[in-house]
Amino acid sequence: MLDPKLIRGDLQAVSEQLKKRGVVLDVVRLNTLEEQRKALQVKTQDLQNERNIRSKAVGQAKAAGKNVDDILKEVKDLGDSLKATEEQFEKVQAELNEYLALIPNLTHESVPVGKSEEDNQVVRSWGTPKKFHFTPKDHVDLGAQHNWMDFSTGVKLSQARFVVLRGPLAKLNRALAQFMLDMHTELHGYQEICVPFIVNSDSLFGTGQLPKAKEDLFSLMGDNELYLIPTAEVPVTNTIRDEILESDQLPMKYVCYSPCFRKEAGSYGKDTRGMIRQHQFEKVELVQIVRPEDSYQALENLTMHAEAVLQKLELPYRVMVLCTGDIGFTSAKTYDLEVWLPGQDRYREISSCSNMEAFQARRMAARWRNPATGKPELVHTLNGSALAIGRTMVAILENYQDEDGRIHIPKALQPYMNGVEVI
RNA sequence: GGAGAGAUGGCUGAGCGGUUUAAAGCGGCGGUCUUGAAAACCGUUGAGCUCGCAAGGGCUCCGGGGGUUCGAAUCCCUCUCUCUCCGCCA
């Protein structure tokens, strides 16, 4: 959510900024609603004040043993008009909030302006794509050879975009999670956290998945409105919802392993082959809660922590800065890490690291007490995948294959595979 | 799943229809005293919204939502959560 004061104070500037994202604000409607809000709020509060004063007079008159019939009649009419005004005010307020909740974050000035994925820019590259003296297979063919990666059973158990992993690949999946968690806790100073994989709508509103991306969430049947998490970002970031943190608690750095569930509603026909786009996948997520002045340095650090995983696994990748047209709803600046996939002969996204600034914090009422002012102020929140485990497995299969279709295990990962060097 | 009890500021806890503008204690912060500290004493200490150039006003919040009333922390309905006991259970 953007600062309502900013929208009120300089709607034109906000509107210009959002145009870079391809979002057109209904300036006239917003102005109209805001004028109505102001008038109705003032009127409501005046009437409430009046009611409070009169009601108190009733009490005093009664205590003094006077007759209160006249005052009572007077205040009753006041109550009626108050109720009507309050209803109007709440209606306008709700309409305004509904609109505000759908406005995306403003992008940082360093974010390149662009329309689509095509306009994202390469920031840096690491490693060189390996030359194979044979035609490399893709992960689907490699995974199928011993029935280690089984999509048809996934369909039988659930539906399309689910997979069953067996034997060495199931173990590789577990090893990767363990390896990443150890790296971030031991080398990068994150605290491991284990959270619910089912969350309520308040949490999803807090991190910005609701109301806008509701169609991409799996919801649970039952009386309560509950959803499967699309990312650990939701429960982990929401741990500080409605909190006022002391300054010595910052920065908070959490690493969390979790499954993620996404309907992929907008991706019909995209990546239908293989493990790239599944309804359920696992991920190790980094979340940082920081002071506002530290958030852009934190974004650089967090991105490097994600990169470190790829470097340890010796997987070639490049860092992209997403342009204004491709960046996510809640983000002010995002770096995507793209890993080289020989089977597809191109780079594919394996991590996304973002600074949300105060966008989520405002939705969550997540604050810290600034010692300089003594007042509660909004924190900045960041998160990034480090990494998506399914896609990392895909990258290892395709990059570490030999002519026989065997997979060599990256050195750093061997201790997590009981010393096995090849599968 | 069944029965009962409860939810009040950072914490403990009073209030159960009208000087509550939420008592009191603890904690926090500032001060006096002290070489320094402790103790004691004094003062101070919630959040959000809003009007205003400012000074300074006003409104809302006692788990969430709704209702009764001129007036609700207090009465009613409902949901959520916590605790105790019973049942079931990885």
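Below, chains carry the letters A, B, ... as their sequence lines are ordered, and counting in each starts from 1.
- In this structure, A:Q48 places its CD atom 7 Å from C1' of B:U60, rounding to the nearest Å.
- Across all strands shown, B:U84 pairs with B:A3; the Watson-Crick or G-U wobble distances both stay below 3.5 Å.
- Here the P atom of nucleotide B:G65 and the CD atom of A:E225 are 16 Å apart, to the nearest Å.
- Screening residues 325-341 of chain A for salt bridge (charged side-chain N to carboxylate O under 4.0 Å, His left out) gives A:R318-A:E338 as the qualifying pairs, with residues at least two apart or on separate chains.
- Residues A:V113 and A:C323 share a closest heavy-atom pair of C-CB, 4.4 Å.
- Look at CD1 on A:I53: it is 12 Å from C1' on B:C59, rounded to the nearest Å.
- Atom C1' of nucleotide B:G9 and atom CG of A:D242 are separated by 15 Å, given to the nearest angstrom.
- Listed by chain and number, the residues in a side chain to side chain contact (heavy atoms under 4.5 Å, CB included) with A:A101 are A:F205, A:P211, A:R363 (sequence neighbours excluded).
- Relative ring orientation between A:H279 and A:F162 is described as tilted, the plane-to-plane angle lying within the 30° to 60° band.
- More than 12 heavy atoms of other residues, nucleotides or ligands shown are found within 6.0 angstrom of NZ on A:K20.
- Contact check, A:N49 against B:G58: no side-chain N or O comes under 4.0 Å of OP1 or OP2.
- Rounded to a whole Å, the CG atom of A:N52 is 6 Å from the P atom of B:C59.
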Short N/O separations, protein against nucleotides 69-73 of chain B, under 3.5 angstrom:
{"from": "B:C70", "atom 1": "OP2", "to": "A:K76", "atom 2": "NZ", "distance (Å)": "3.3"}
{"from": "B:C70", "atom 1": "O2'", "to": "A:S55", "atom 2": "OG", "distance (Å)": "3.2"}
{"from": "B:G71", "atom 1": "O4'", "to": "A:S55", "atom 2": "OG", "distance (Å)": "3.2"}

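- In this structure, A:M356 and A:N383 approach most closely via the heavy-atom pair CE-ND2, 3.1 Å.
- The A:R37 side chain lies nearest to B:U50 when the options are B:U50, B:C59, B:A47.
- Straight-line distance between the C1' atoms of B:G31 and B:U80: roughly 46 Å, to the nearest whole Å.
- Atoms CZ and CZ, from A:F151 and A:R273 in turn, are 8.5 Å apart once rounded to the nearest 0.5 Å.
- Closest to the side chain of A:R367, from the set B:C51, B:G48, B:C59, is B:G48.
- Whole-Å rounding puts the A:E86 CD to B:C49 P distance at 19 Å.
- We find that CD of A:E50 is positioned 13 Å from P of B:U60, with the value rounded to whole Å.
- Within residues 2-13 of chain A, the residues that place at least one heavy atom under 4.0 Å from RNA chain B are, in residue-number order, A:K5, A:R8.
- For A:F261, the ring-ring contact (aromatic ring centres under 6.0 Å, His included) criterion is met by no residue, not counting sequence neighbours.
- A:R291 meets the side chain to side chain contact (heavy atoms under 4.5 Å, CB included) test with A:S247, A:L250, A:E293, A:D294, A:W368; sequence neighbours excluded.
- Listed pair A:R369 / B:A47 meets the phosphate criterion, a side-chain N or O lying under 4.0 Å from OP1 or OP2.
- Here the separation of B:A72 from B:G17, taken at their P atoms, is 14 Å to the nearest Å.
- Rounded to whole Å, the separation between the C1' atoms of B:G57 and B:U21 comes to 15 Å.
- Using modelled atom types and a 3.5 Å distance limit, the side chains of A:Y257 and A:E192 yield no donor-acceptor pair.
- The distance from atom CH2 of A:W368 to atom P of B:A47 is 15 Å, rounded to the nearest whole Å.
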